[in-house]
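Side chains are part of it too, since the values below use all heavy atoms of this structure and drop only hydrogens, waters and symmetry mates. Keep in mind that this is a model prediction, so the values were computed, not measured.
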Amino acid sequence: MRRKAMLVVACVAIAAGTWAAGTCGAAELKAETAAAFGAYINAREAAMDAKLGTSQNFLWIEGLRAEKRTRIYEELRTGRAVIENPRGSEANDGISVPGGLIHDWMGVVFVPGISMAEAIALLEDYNHDEKYYRPDVVRSKLMGRKGEDFRVYLRLKSKYMVTTVFDTEYDIRYTTLNATHAYSRSRSTRIEEVENAGQTDEYDDAPGNDHGFLWRLNSYWRFEQTDGGVYIQCEAISLTRDVPEGLGWAVEPFLEKIPRESLRFTLEATQAALRKKYLMTAERKQREPRQ
């Protein structure tokens with residue numbers, strides 16, 4: 001009986017998500033929505049820059065009260081990813097702007113036994129992102145590189161009730177502050193929702209004229225080498241459509257949950273790839289003859 005009830009609930013959830021996606025129809029990214037996101041990004045980047053000039057509070061958790069900071073560090077050293085809203089754990093995710101919602105999430109993981117250079121090298125290996133981050137990344141390609149400036153293409157797949165695919169491009173820059181601190185900034189330059197993805201008649205919707213599930217996606221990474229490993233922090237800021245009137249019960253979970261869970265997946269996948277690399281390196285060193 002319980003199994004049957006759970007099956008009914010699951011079927012209702014899937015039907016609701018499919019219905020909501022179809023009912024929402026196209027959503028237009030308006031100039032005032034894009035401008036509001038740009039203003040938010042400018043304010044957040046200014047706040048980030050202010051903290052980069054000092055060694056204090058390089059990681060988000062270092063600015064927390066002592067009790068919470070200690071607890072989070074303990075969680076990180078057990079291998080867990082910690083994800084929170086930088087505006088406070090009690091804040092709702094979506095920041096309402098005219099015609100849209102801004103989602104801002106912060107996450108940290110700790111990877112023991114590796115160097116900062118190894119962590120950054122893996123993230124810069126964009127031709128193999130589909131290997132490290134599958135199934136969220138379906139295709140990946142380094143479009144160009146000049147020094148520490150990268151142009152990257154990713155095909156993303158988001159699956160929550162319904163599956164949505166996006167063709168995306170980014171400008172990314174890495175900056176090393178010193179031997180133990182570095183950061184990078186990734187700004188989306190193109191996001192197009194893919195219709196009939198993987199089929200012979202697939203096509204990209206016009207940018208900003210789709211379902212509105214993802215219009216912008218910026219990510220801000222920090223790397224700190226200490227405690228015998230590397231702390232990796234990522235703040236992901238995205239822009240989606242707002243919640244259509246009367247459809248909040250069906251659409252809001254889709255818009256709210258995806259940004260948080262996508263960040264968690266990205267950090268955990270990065271952590272797993274680096275752990276695998278560390279184990280392979282350690283095994284190779286063990287096989288090497290001693291001098």
Do Trp105 and Ile232 belong together in a cluster built from hydrophobic side chains that touch within less than 4.5 Å?
yes
Test Tyr170 against Tyr126 for ring-ring contact (aromatic ring centres under 6.0 Å, His included), laying out the working first.
CA-CA 11 Å; Tyr170 307 86; Tyr126 292 108; 8.9 Å; no
Heavy-atom closest pair, residues Pro98 and Glu32:
CB-CG, 4.0 Å
Okay, side chain of Glu118, backbone of Ser115: is any donor-acceptor separation there less than 3.5 Å?
yes
Would a hydrophobic clustering, with Ile, Leu, Val, Met, Phe, Trp and Tyr connected at side-chain separations under 4.5 Å, put Tyr153 with Phe150?
no
Who are the side chain to side chain donor-acceptor pair (under 3.5 Å) partners of Arg71, not counting sequence neighbours?
Glu75
Closer than 3.5 angstrom, by distance alone: can the side chain of Asp210 be matched with the main-chain N or O of Gly212 as a donor-acceptor pair?
yes
Sub-6.0 Å ring centroid separation between Phe58 and Phe223:
no
Please check if Val138 and Phe265 belong to a single hydrophobic cluster, counting links between Ile, Leu, Val, Met, Phe, Trp and Tyr side chain heavy atoms closer than 4.5 Å.
no
Is it true that Val194 and Leu214 fall in one hydrophobic cluster, defined by side-chain heavy atoms closer than 4.5 Å?
no
Counting C-beta onward and ignoring hydrogens, is there a side-chain heavy-atom pair between Glu224 and Val230 closer than 4.5 Å?
no
CG (Asp167) and CD (Glu193) are apart, to the nearest 0.5 Å, by 10.5 Å
For a 4.5 angstrom cut-off between non-hydrogen side-chain atoms, does Leu123 reach Ser184?
no
Heavy-atom donor-acceptor pair, Asn218 side chain to Ser188 backbone, under 3.5 Å
yes
Pair Thr240, His103: side-chain N/O donor-acceptor within cut-off below 3.5 Å:
yes
Ion pair check, Arg155 and Glu169, cut-off under 4.0 Å
no
Whether His211 and Phe213 hold their rings parallel, tilted or perpendicular, with breakpoints at 30° and 60°:
parallel
Can you tell me if Thr176 and Asn178 form a side-chain donor-acceptor pair at under 3.5 Å?
no
Shared hydrophobic cluster, Met143 / Tyr132 (ILVMFWY, side-chain heavy atoms < 4.5 Å):
no
Has Arg185 got more than 12 heavy atoms of other residues, nucleotides or ligands less than 6.0 Å from its CZ?
yes
Check: Gln225/Tyr231 side-chain N/O donor and acceptor closer than 3.5 Å
no
The side chain to side chain contact (heavy atoms under 4.5 Å, CB included) partner of Leu239 among Leu217, Leu29, Ile41 is Leu29
Which pair of heavy atoms, one from Glu202 and one from Asn196, lies closest together, and at what distance?
CB-O, 3.0 Å
Nearest heavy-atom approach of Ile83 to Arg260 is CG2-CG, 4.0 Å
Would you call Val82 and Phe110 a side-chain contact if the rule is heavy atoms closer than 4.5 Å?
no
Mark yes when over 12 heavy atoms from residues, nucleotides or ligands other than Glu67 sit less than 6.0 Å from its CD; otherwise mark no.
no
